[in-house]
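Data first, discussion second: the structure below is written as structure tokens.
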Amino acid sequence: MYDPKEVVAKYALSLIEDRKVIGLGTGKTVRKLIELLAKEGYLEHRSFITSSVDTDLQVSKISPTSVISPFSGVIPEIYIDSFDFLIEGEKGKILIKGGGGALLREKVLSFFSKYRVFIGETSKMFSGIAVNVPVEIVPAAFSLVRDRLSFLGFRPTPRESNGKIGPLVTDNGNVIIDIYLPTDDLCDKEKELRGIPGIVETGIFCENLYDTIVVGDEEGRIQVFQRGRDGS
Ligand SMILES: O=C(CO)[C@H](O)[C@H](O)COP(=O)(O)O
């Protein structure tokens with residue numbers, strides 16, 4: 001039996017090649033990748049732009065000078081991240097992200113990076129008719145947006161964090177609400193949601209935000225999907 005997070009992290013490592021500026025997502029899969037990067041000596045000779053305080057700390061505790069400030073404007077040559085769900089949409093694959101509350105900086109890095117790779121377990125491939133999607137909201141708009149999302153039938157649930165009273169506050173000082181959306185028109189819904197003032201970002205990642213998706217399982221098997229093409 002293999003750890004599927006490790007299986008896909010190893011594959012992602014092989015995609016880095018001679019790229020020197022690497023964007024990193026957030027979560028347990030990315031932590032696994034950081035372990036491998038450290039083991040293979042990649043941390044000392046490359047620069048990293050991270051999507052969260054957590055990932056920043058993970059890298060800098062091993063290699064304190066390898067993390068570049070997000071204010072630098074440096075564009076990652078490759079961005080590697082994981083996802084919560086992989087959905088087969090009518091117009092291509094859709095990723096749902098933000099389980100770690102880092103969706104805003106993750107989307108910024110995905111948009112601006114030259115080559116975007118998402119890695120995850122086969123068990124995250126989702127074929128249900130509705131899915132939980134995190135939405136990041138400016139605190140002052142929290143109640144108004146929550147009520148509007150409720151009116152629209154999206155069953156909003158403020159995200160809570162362990163032990164803290166009140167909603168989860170992101171690295172950007174915003175709050176997260178989870179909503180429940182039908183999977184059939186997620187990319188159109190994403191535009192509708194972003195039209196509501198106070199919503200900063202959603203965890204819906206459509207085709208313009210990825211290039212390669214890699215899924216792996218406990219047997220060590222890998223499937224690779226390229227944007228706009230089916231792959232295996
Ligand atoms: O979107 C994310 C963080 O905001 C993560 O990529 C997603 O939650 C998957 O996490 P993990 O690697 O722990 O399964």
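Side chains included, hydrogens not; waters and symmetry mates left out as well; all remaining heavy atoms used. Start at 1 and go down the list; that is how both ligands and their atoms are numbered.
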(message) Just so I know, are the side chains of P4 and T122 near enough to count as touching, which here means a heavy-atom distance under 4.5 Å?
(response) no
(request) Please list, by chain and number, the protein residues whose heavy atoms come under 4.0 Å of ligand 1. (result) K5, T26, G27, K28, T29, D81, S82, F83, D84, K97, G98, G99, G100, G101, A102, E106, K124
(request) Applying side chain to side chain contact (heavy atoms under 4.5 Å, CB included), name anything that partners D3, two or more places apart in sequence or on another chain. (result) K5, E6, K32
(request) Mark yes or no: K93 above the aromatic ring of Y210, with NZ or CZ under 6.0 Å from the six-membered ring centre and no more than 45 degrees from the axis. (result) no
(request) Could you tell me whether the side chains of S69 and S72 share a donor-acceptor contact shorter than 3.5 Å? (result) no
(message) Counting C-beta onward and ignoring hydrogens, is there a side-chain heavy-atom pair between V215 and I222 closer than 4.5 Å?
(response) no
(request) Measure the shortest side-chain to side-chain distance between L43 and F48 over non-hydrogen atoms and say whether it is less than 4.5 angstrom. (result) yes
